Amino acid sequence: MTSNRGTLGARPAVIDGRPRTTPEVIEVLDPSDGSVLATVPRGGRELIDEAVTAARRAFDRGWRRTTAAERAELLGNLARLLREHGDELAELESRDVGKPLRQGRTDVNFIARYFEFYRNLVEAHFGQVIPAATDRITMALREPHGVTAHVIPWNFPLGIVGRTIAPALAAGNCCVLKPAEDAPLSTIRVAELALEAGFPPGVLNVVPGYGEEAGHALVSHPGVDHISFTGSVEVGRRIAAAAAQNLKTVTLELGGKSPNVVLADADLGTAVPHLAQAILLNAGQTCSAGSRIVVADEIHDEVVDRLVKIFQNVVIGRGIDDPDLGPLISAKQRTQVLGAMEDAANQGDLRVGGGEAVVSGAPNGFFVEPTIFDNVSASADLAQREVFGPVLTVTPVRDHHEALAAANATRYGLGAGVWTRDVSLAHWFIRELDCGQVMVNTFSNGVEMPFSGRKDSGYGTEKSFEALNEFTRLKGAVVAFGDV
Ligand code: NAP
Ligand code: MG
């Protein structure tokens with residue numbers, strides 16, 4: 001912490017529609033060279049309390065009585081503004097997170113899509129009338145929670161703001177968001193654009209700060225009605241415990257160690273570039289990164305040869321120069337990733353290239369080369385732990401039963417890819433994989449698909465129509481009018 005400086009200057013918190021600063025600030029670093037990019041307020045208990053109070057006021061003052069059509073109009077306005085400011089937001093995200101510029105553009109498209117998607121859906125989201133008897137009407141009404149808290153990580157700030165804030169606002173909640181200290185800049189900009197779009201003050205508040213301070217104050221605040229958390233398993237457990245103290249509901253989107261199962265009949269021309277991209281995307285710092293390849297013996301050598309060629313040709317550089325692979329988010333993350341690779345090598349896992357990188361002209365950046373570890377057993381430490389870097393393990397298997405066992409053999413259950421031309425096998429895997437999302441012959445999906453974790457990957461559902469249920473609660477009501 002120092003006084004305000006940095007090439008993007010001081011960025012404020014947004015509370016009750018106004019910019020707010022604090023005497024103490026957090027330096028936000030440019031991961032491509034370690035320099036200070038901007039400063040943001042170091043929010044704590046007081047600022048969080050102000051934001052929760054503002055959100056409650058906005059909710060009671062009128063937001064809770066808005067119609068779905070009125071909210072839909074504002075969601076549409078914001079989506080339009082996000083697209084109009086697409087270049088600015090993509091650049092901001094690229095500089096803050098270190099991701100290649102074109103990926104920043106993809107993320108802008110995603111956040112806009114979320115607001116468009118929930119704009120389109122919200123008017124069709126309502127409860128039910130239950131024909132229990134002729135002398136009465138029984139209803140299941142959908143109501144917003146009230147004030148929702150959102151704590152998010154640094155890897156996809158724009159995408160995750162879209163995923164969690166768009167349905168929460170659509171459903172009629174007022175939100176307080178605590179971004180990650182490592183990448184808060186785009187979230188602040190989204191809150192400013194939301195005001196421009198016509199959302200009333202207090203409906204969307206953003207308070208940067210450290211997890212232990214602002215984050216903890218937010219999730220344990222008694223004025224919060226529902227918590228949406230995206231981040232690590234360790235912090236997720238703490239947040240569930242804090243929510244339990246206040247008996248609040250919580251959505252947990254946690255870590256992963258997602259496999260890509262490649263069966264012997266897979267179309268490798270299509271599959272292999274996707275397998276590479278599944279771990280190169282955001283330098284492997286993706287919750288649903290395809291970080292494990294489980295591959296049939298017959299095609300193992302060919303798959304590894306092709307992957308090595310792709311990895312050798314990956315262009316590494318500053319995100320803003322739009323390379324294939326940018327830096328990791330921080331020095332801490334780089335140490336963590338290099339440590340995981342060192343542990344694996346010490347345990348006898350076989351490294352096929354990679355493992356270190358200093359990009360010329362940017363020696364202080366947090367770069368790591370993409371690295372493959374081959375012939376890793378499904379139970380090996382490296383195949384079990386979430387590395388959160390461009391590190392891929394390859395596990396050969398004899399048949400689809402062994403493939404399924406390997407795919408399910410971690411404490412996580414976020415996503416999985418399956419590559420096969422056999423439609424029966426594809427459906428068998430969809431049924432048997434113990435995870436929240438299965439992708440066959442692709443490793444990407446859109447805002448329409450439900451997203452949820454199993455096992456240590458968390459609980460609750462975001463994305464899809466289902467997120468509108470997640471951000472509302474049911475009220476039963478009955479009106480007896482008597483027989484005429
Ligand atoms: P993290 O350390 O769990 O942090 C996530 C957020 O929680 C940050 O805003 C952090 O604040 C805050 N936080 C930390 N301690 C807290 C506490 N005691 N109370 C309240 N908030 C607290 O995760 P990360 O390192 O940023 O992100 C990587 C992890 O997120 C990976 O495990 C990844 O798989 C997971 N992730 C999951 C999904 C999904 O949808 N399933 C998506 C993306 C990422 P500060 O960082 O500012 O301290
Ligand atoms: Mg940053």
Side-chain angles (χ1 to χ4, degrees), residues 1-6 8-29 36-59 96 146-154 157 160-161 164-165 168 173-192 194-195 201-232 234-246 248 250 329-330 332:
M1 282 148 291
T2 62
S3 59
N4 296 344
R5 61 188 166 93
L8 294 174
R11 300 279 163 129
V14 178
I15 299 175
D16 209 11
R18 288 189 298 272
R20 290 294 312 272
T21 54
T22 51
E24 274 193 296
V25 294
I26 297 175
E27 288 181 337
V28 180
L29 302 187
V36 177
L37 187 59
T39 64
V40 295
R42 178 179 172 177
R45 193 164 292 282
E46 274 174 36
L47 229 52
I48 288 291
D49 188 55
E50 262 183 54
V52 173
T53 305
R56 173 68 54 196
R57 218 173 22 238
F59 185 69
D96 199 358
V147 175
T148 52
H150 305 256
V151 178
I152 69 165
W154 41 260
I160 295 173
V161 165
T164 183
I165 295 291
N173 300 282
C174 291
C175 308
V176 180
L177 175 92
K178 206 292 288 176
E181 79 205 43
D182 284 322
L185 301 178
S186 63
T187 65
I188 295 168
R189 196 67 191 109
V190 173
E192 291 168 349
L195 289 167
V203 171
L204 173 58
N205 308 275
V206 173
V207 185
Y210 293 115
E212 299 288 346
E213 297 176 0
H216 179 72
L218 178 57
V219 298
S220 50
H221 197 292
V224 164
D225 299 302
H226 175 83
I227 299 162
S228 164
F229 172 73
T230 306
S232 62
E234 186 199 355
V235 176
R237 280 189 215 285
R238 269 189 270 162
I239 288 185
Q245 287 307 308
N246 294 326
K248 301 307 179 194
V250 51
I329 187 73
S330 63
K332 184 175 150 214

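Just so it is clear, the model here is predicted, and its values are computed rather than measured.
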| query | Nearest heavy-atom pair of Gly202 and Ala58: which atoms, and what distance? | reply |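 Smallest heavy-atom distance, with atoms named: C-CB, 3.6 Å.
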
| query | Taking side chain as C-beta onward, heavy atoms only, is Val206 less than 4.5 Å from Pro179? | reply |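 Val206 reaches Pro179 side chain to side chain.
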
| request: Check ring pair (Phe, Tyr, Trp, His ring centres under 6.0 Å) between His226 and all other residues, then give those that pass, not counting sequence neighbours. | output: His145, Phe471

| message | Suppose we screen for side-chain contact (heavy atoms from CB on, under 4.5 Å). Which residues come up paired with Arg18, at least two apart in sequence or across chains? | response | Asp16

| Partner of Glu50 under side chain to side chain contact (heavy atoms under 4.5 Å, CB included), chosen from Thr53, Ile48, Leu47 |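 Exactly one pass, corresponding to Leu47.
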
| When rounded to the nearest 0.5 angstrom, what distance separates CZ in Arg11 from OG in Ser186? |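 Arg11 CZ to Ser186 OG: 10.5 Å, rounded to 0.5 Å.
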
| message | side-chain contact (heavy atoms from CB on, under 4.5 Å), that's the test. Do Glu212 and Arg238 meet it? Break it down for me. | response | CA-CA 11 Å; Glu212 299 288 346; Arg238 269 189 270 162; 3.0 Å; yes

| field | Flag side-chain contact, heavy atom, 4.5 Å: Leu29 against Val36 | value | yes

| message | I'd like to know if the side chain of Thr22 reaches the main chain of Gly43, judged simply by a donor and an acceptor atom lying under 3.5 Å from each other, with no hydrogens or angles considered. | response |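 No; zero donor-acceptor contacts below 3.5 Å.
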
| said: So Thr164 and Thr230, do their side chains get closer than 4.5 Å, heavy atoms only? | reply: no

| Would you say Ser228 and Ile152 make side-chain contact, with heavy atoms under 4.5 Å? | no

| message | For His216, give me all partners under side chain to side chain donor-acceptor pair (under 3.5 Å), at least two apart in sequence or on another chain. | response |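 Counting only residues at least two positions away or on another chain, His216 forms no side chain to side chain donor-acceptor pair (under 3.5 Å).
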
| query | What heavy-atom pair brings Pro208 and Val40 nearest, and what distance separates the two atoms? | reply |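 Nearest heavy atoms, Pro208 then Val40: CB-CG2, 3.8 Å.
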
| Results of side chain to side chain donor-acceptor pair (under 3.5 Å) for Thr187 - residues two or more places apart only |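 Side chain to side chain donor-acceptor pair (under 3.5 Å) list for Thr187, sorted by chain: empty.
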
| message | To check you understand the geometry: which heavy-atom pair defines the closest contact between Lys178 and Tyr210, and what is its length? | response |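 The pair with the smallest heavy-atom distance is NZ-C, 4.0 Å.
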
| query | Excluding sequence neighbours, so at least two apart, what forms side chain to side chain donor-acceptor pair (under 3.5 Å) with Asn246? | reply | none

| Which pairs, with at least one residue in residues 216-226 and sequence neighbours excluded, count as a salt bridge (charged side-chain N to carboxylate O under 4.0 Å, His left out)? | Arg56-Asp225

| note | Nearest heavy-atom contact between Phe59 and Gly146 is CZ-CA, 3.5 Å

| Contacts of type side chain to side chain donor-acceptor pair (under 3.5 Å), residue Thr148, not counting sequence neighbours |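 With neighbours one apart ignored, the set is His150.
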
| With sequence neighbours excluded, residues passing side-chain contact (heavy atoms from CB on, under 4.5 Å) with Ala149 | Leu218, Val224, Ile227

| task | Kindly compute the distance separating CZ (Phe229) from CD1 (Ile239), expressed to the nearest 0.5 Å. | result | 4.0 Å

| request: Supply the atom-to-atom distance Asp182 CG to Ser330 OG, rounded to the nearest 0.5 angstrom. | output: 5.0 Å

| With Arg237, which residues qualify under salt bridge (charged side-chain N to carboxylate O under 4.0 Å, His left out), at least two apart? | Asp456

| said: Applying side-chain contact (heavy atoms from CB on, under 4.5 Å), can you list everything that pairs with Glu192, at least two apart in sequence or on another chain? | reply: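 With sequence neighbours excluded, Glu192 shows a side-chain contact (heavy atoms from CB on, under 4.5 Å) to Pro12, Val14, Ile188, Arg189, given in chain and number order.
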
| Who are the side-chain contact (heavy atoms from CB on, under 4.5 Å) partners of Ala55, not counting sequence neighbours? | Val147, Cys174, Val176, Asn205

| message | Run Leu37 and Leu185 through side-chain contact (heavy atoms from CB on, under 4.5 Å) and show every step you take. | response | CA-CA 10 Å; Leu37 187 59; Leu185 301 178; 3.9 Å; yes

